[in-house]
Amino acid sequence: MRAGYLIAPRTFECREIPFPLRDEGEVLVRVLAAGVCGSDIHFYQTGQIGEVTLNGPFIMGHECAGVVEDPGDFVDDLPRGTRVAIEPSIACGVCSFCARNRPNLCLRLRFLGFPPYSGTFAEFVSV
């Protein structure tokens, strides 16, 4: 599959990468559209946002929509072909904040398209 990598400030490269594996509790999505956010512009122009610096090739992008390719355990709720928009903030679901329904404050929050987590400028993503 192909993915767009930011190699250095103002330098993109399309690369062939392994197809993402869907982990337990995840859905495999075929990305049909990905937007460019202000944070993407900062990384592209300068290679950093605040204290976070680009340390190597990186797949940007966190605003995307697509269709479910492999629903995994969610086959009843998200059958193959379901149109989806992806929430790029991925909470752990078990920390004290997640337990109190405050996933925006998650202690182990991952954010797609923000180092070190790969983003959605790719043909497929597992979330």
Side-chain angles (χ1 to χ4, degrees):
M1 104 171 166
R2 293 174 297 167
Y5 276 83
L6 179 64
I7 304 300
R10 301 181 183 270
T11 307
F12 261 102
E13 181 176 288
C14 190
R15 293 184 174 181
E16 284 291 328
I17 63 170
F19 197 82
L21 299 176
R22 182 189 55 74
D23 287 335
E24 184 177 333
E26 291 186 333
V27 173
L28 183 66
V29 174
R30 176 187 302 271
V31 176
L32 298 179
V36 176
C37 179
S39 60
D40 296 321
I41 299 294
H42 284 287
F43 271 121
Y44 175 76
Q45 290 178 334
T46 67
Q48 70 181 58
I49 294 179
E51 296 177 8
V52 178
T53 302
L54 183 67
N55 292 328
F58 173 67
I59 302 172
M60 294 189 335
H62 51 263
E63 297 177 345
C64 85
V67 295
V68 173
E69 187 74 19
D70 179 356
D73 300 331
F74 302 97
V75 70
D76 292 332
D77 298 320
L78 295 168
R80 188 172 194 270
T82 301
R83 295 177 185 177
V84 295
I86 293 176
E87 166 59 53
S89 300
I90 302 170
C92 74
V94 296
C95 72
S96 60
F97 290 109
C98 287
R100 289 182 283 171
N101 200 28
R102 303 289 304 271
N104 60 309
L105 301 174
C106 177
L107 299 173
R108 294 185 282 282
L109 187 72
R110 296 182 301 143
F111 195 82
L112 297 177
F114 198 84
Y117 306 107
S118 291
T120 61
F121 289 173
E123 291 182 281
F124 293 89
V125 63
S126 186
V127 291

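Quick note: residue numbers are just sequence positions, from 1. As a basis for the values below, the full set of heavy atoms in this structure was taken, side chains included, without hydrogen atoms, waters or symmetry mates.
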Could you check whether any side-chain heavy atom of S126 comes within less than 4.5 Å of a side-chain heavy atom of L21, counting everything from C-beta outward? no

Can R10 and Q45 be said to form a side-chain contact (heavy atoms from CB on, under 4.5 Å), step by step? CA-CA 6 Å; R10 301 181 183 270; Q45 290 178 334; 3.8 Å; yes

Should V36 and F111 be counted in the same cluster of Ile, Leu, Val, Met, Phe, Trp and Tyr side chains packed under 4.5 Å apart? yes

dist S118:OG -> Y5:OH (nearest 0.5 Å) comes out at 6.0 Å

side-chain contact (heavy atoms from CB on, under 4.5 Å) for V67 and R83? Distances and angles first, verdict last. CA-CA 4 Å; V67 295; R83 295 177 185 177; 4.1 Å; yes

Residue pair L78 / P71: nearest heavy atoms and the distance that separates them: O-CB, 3.0 Å

Taking the basic N atoms (NZ, or NE/NH1/NH2) and the acidic carboxylate oxygens, is any pair closer than 4.0 Å for E123 and R30? no

Rounded to the nearest 0.5 Å, how far apart are CZ of R22 and CG of D73? 6.0 Å

Taking every heavy atom of L109 against every heavy atom of C106, the minimum-distance pair comes out as N-SG, 3.4 Å

Find the distance between CZ (R2) and SG (C14) and round it off to the nearest 0.5 Å. 5.5 Å

Work out which heavy atom in R108 is nearest to a heavy atom in C92; give both atom names and the distance. NH2-SG, 3.7 Å

Do other residues, nucleotides or ligands put more than 12 heavy atoms under 6.0 Å from the CZ atom of R15? yes

Do I59 and F43 share a hydrophobic cluster, counting only Ile, Leu, Val, Met, Phe, Trp and Tyr and linking them when any side-chain heavy atoms are less than 4.5 Å apart? yes

Considering only heavy atoms from C-beta outward, does the side chain of P9 approach that of T46 to under 4.5 Å? no

Below 30° counts as parallel, above 60° as perpendicular, anything between as tilted: where do the rings of F121 and F12 land? tilted

Nearest heavy-atom pair of H62 and T120: which atoms, and what distance? N-OG1, 3.5 Å

Return the OG to CG distance between S96 and L107, rounded to the nearest 0.5 Å. 5.0 Å

Would you please test F114 and I49 for side-chain contact (heavy atoms from CB on, under 4.5 Å) and show each step? CA-CA 9 Å; F114 198 84; I49 294 179; 3.9 Å; yes

Side-chain donor or acceptor of R80 paired with backbone N/O of E69 under 3.5 Å: yes

Hydrophobic cluster membership, with links at side-chain heavy-atom distances under 4.5 Å among I/L/V/M/F/W/Y: are L6 and I41 in one? yes

Between D40 and M60, the two heavy atoms sitting closest are O-CE, 3.6 Å

Check: E16 side chain, M1 main-chain N or O, donor-acceptor pair, under 3.5 Å: yes

Joint hydrophobic cluster, V31 plus V68, side-chain heavy atoms closer than 4.5 Å: yes

Ignoring hydrogens, what is the shortest heavy-atom contact between A3 and I17? Give both atom names and the distance. CB-CD1, 3.6 Å

Cluster link I90 to V27, ILVMFWY, side chain under 4.5 Å: yes

To the nearest 0.5 Å, what is the distance between OG1 (T11) and OH (Y44)? 7.0 Å

